[in-house]
Amino acid sequence: MANVIVIGAQWGDEGKGKITDLLSRSADVVVRSQGGVNAGHTVVVSGQTFKLHLIPSGILYPDTQCIIGSGTVIDPEVLIEEMEQLKALDVTTDNLHISQTAHVTMPYHRSIDMASEERRGDYKIGTTGRGIGPTYADKSERTGIRVLDLMDSKRLHEKLTWTINYKNVILEKLYNLPPLDEKEVIEEYLKYADYLRPYVIDSSLEIYQAVQKKKNILFEGAQGTLLDLDHGTYPYVTSSNPIAGGACVGSGIGPTIIDRVIGVAKAYTTRVGEGPFPTELSGDVGEQLGNRGAEFGTTTGRKRRCGWFDAVIGRYAVRINGLDCLAITKLDVLDELAEIKVCTAYEINGETCNHFPSNASDFADCQPVYQTLPGWQQDTTHCQSLEELPPQALNYLKFLAELMEVPIAIVSLGPGRNQTIIVEDPIHGPKRALLGADGVPVSA
Ligand code: IMP
Ligand code: MG
């Protein structure tokens, strides 16, 4: 058995949904520990596309328990809509559980998110507009509404009457927006409470009991390392901790129960929203990657910015998350290219830098140092093993593993469940991976 954290090693949208869906096959419990409906996980099963925002990808397996953990923020309206969509597709939500200590996104959070972005002008973050930042801000300010408040109508009345009066001052005086009617909001949220009540649990206890029973637990990250509030490209980040450490905080478990941390990285890089992006491609190649990779946001539909693989970011993700291995996704998107560049270092003020700079202005000003590799110009979408890959594609993967000094456990070559090369099963397999950092098969 193994308890595994899966995190995004770049700016989100690395294809974590597909990887967690795959690994969920072997998991008894899947936990989301941070973020909210800003996340968008696309999972394709038997040609059918599921777009998930808050519900863990494990939901597609009826015997897998799925927990929305205490570190998440829950927009009940969107969650219920997502549950209804799954039910309409004959996917049961009986195995879904919601932490009673997660925070709840309210209508004023969404309004303030959008209004404050507008107010920022040139300094905008490019948020998803889903109220995520303001919900976490209220959590820190200790004016947040938690799921357990939602479940107690007397407490909800008390808390929301006070909070909405307070938020109305901000909405009206600061943003020139109409005030909210607290009675309407309370009524709306009490309906959500009735719908969600059967799913609410003490999630930390539930997870701990699963640990004691030696179940396989998968902690499914949302967003990515560089969107981390503390260690990402601040201020162009989300408001939670998508790094591996965040999984412990957001689930209410201790780090000693974690056996393995898997980083998911695309074979190139994308970013949505504002902020520096050293390897960004503005010309035809960027367009080509975006089109072939269908790089449009699952949540907002925004076009993602595309660029070459950045190994400085990759090494940073290894460091910050303590990655054991990598899953490289969307390798097939590079199939048509004659040449592929990889950023191996940055040049900052005329000096070569191999480490991710913690100074935001150094990162904004850095020039990528590239190494160019030959492309394979062949279709890889049907390859089922490393041996079936064109040699240039295998070389590309080996090069990435060497640069990041971690082995590659999974390679994804398309959205389908079967378009995957599992070099080593990170849950069941021994702690080793065949595509080693030195490019030679290694055993434990
Ligand atoms: P927020 O999380 O909506 O506050 O947005 C903050 C930043 O994180 C923006 O740049 C968003 O585009 C980005 N972001 C949030 N969630 C995701 C995600 O799931 N994938 C990629 N980017 C995201
Ligand atoms: Mg996404």
Side-chain angles (χ1 to χ4, degrees), residues 6-20 32-43 51-57 68 71-75 78 82 103 105 108-120 122-140 220-243 246 250 263-266 268-277 280 290 293-307 313 317 329-330 360 363-364:
V6 176
I7 57 91
Q10 295 157 324
W11 272 292
D13 307 312
E14 298 91 351
K16 294 178 297 295
K18 173 178 163 169
I19 302 301
T20 44
R32 252 295 288 275
S33 37
Q34 45 70 228
V37 298
N38 49 349
H41 287 170
T42 308
V43 184
K51 287 192 190 292
L52 302 169
H53 297 290
L54 194 55
I55 299 179
S57 312
I68 301 177
T72 63
V73 292
I74 296 176
D75 185 327
V78 183
E82 205 170 315
H103 279 249
T105 297
Y108 47 80
H109 292 134
R110 286 188 298 256
S111 308
I112 292 173
D113 191 0
M114 286 184 281
S116 73
E117 277 283 273
E118 215 175 292
R119 182 67 61 94
R120 279 171 192 268
D122 288 346
Y123 297 103
K124 72 169 192 241
I125 311 286
T127 72
T128 59
R130 297 301 179 98
I132 305 300
T135 313
Y136 278 114
D138 277 5
K139 175 178 175 174
S140 301
E220 167 180 337
Q223 289 87 42
T225 302
L226 291 190
L227 289 174
D228 186 89
L229 179 60
D230 291 87
H231 300 283
T233 47
Y234 192 88
Y236 302 101
V237 293
T238 191
S239 318
S240 62
N241 291 110
I243 59 170
V264 185
K266 251 180 227 180
Y268 50 100
T269 312
T270 62
R271 172 163 209 183
V272 253
E274 306 299 315
F277 179 179
E280 183 168 14
E295 298 296 355
F296 296 91
T298 312
T299 300
T300 57
R302 286 181 293 177
K303 198 170 170 173
R304 295 179 187 141
R305 301 153 67 190
C306 296
I313 287 174
T329 60
K330 291 191 151 186
F363 184 65

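Only a predicted model underlies this, so the values are computations on that prediction, with no experimental measurement involved. Numbering of ligands and ligand atoms starts at 1, following listing order. Numbering of residues begins at 1 and proceeds along the displayed sequence.
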Please check whether [X] reaches ligand 1 - meaning an N/O of the residue sits under 3.5 Å from an N/O of the ligand, judged on distance alone.
X	answer
Asp13	yes
Asp113	no
Asn38	yes
Val272	yes

Side chain, backbone, both or neither: which applies to [X] and ligand 1 if a contact is any heavy-atom pair less than 4.0 Å apart?
X	result
Val237	backbone
Trp11	backbone
Leu227	side chain
Arg302	side chain

Evaluating non-hydrogen atoms only, which member of Gly126, Gly232, Gly273, Gly129 is closest to atom 11 (C) of ligand 1?
Gly126
Check whether any heavy atom of Gln223 sits under 4.0 Å from an atom of ligand 1.
yes
What residues form a side-chain contact (heavy atoms from CB on, under 4.5 Å) with Ser33, not counting sequence neighbours?
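Here the qualifying residues are Ala247, Ser251.
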Which distance, rounded to the nearest 0.5 Å, do you find between the [atom1] of [X] and the [atom2] of [Y]?
X	Y	atom1	atom2	answer
Thr269	Arg304	OG1	CZ	13.0 Å
Asn241	Thr225	CG	OG1	11.0 Å
Lys139	Ser240	NZ	OG	8.5 Å
Leu226	Phe277	CG	CZ	10.0 Å
His41	Asp13	NE2	CG	8.0 Å

Apply the salt bridge (Lys or Arg N to Asp or Glu O under 4.0 Å) test between Glu295 and each candidate in Arg271, Lys330, Arg305, Arg302; give the one that qualifies.
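Filter result, single survivor: Lys330.
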Residues two or more places apart in sequence or in another chain: which of them pass salt bridge (Lys or Arg N to Asp or Glu O under 4.0 Å) with Arg110?
Asp75, Glu77
For Ile125, atoms of ligand 1 separated by under 4.0 Å from a heavy atom:
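Listed by number with element, the hits are 10 (O).
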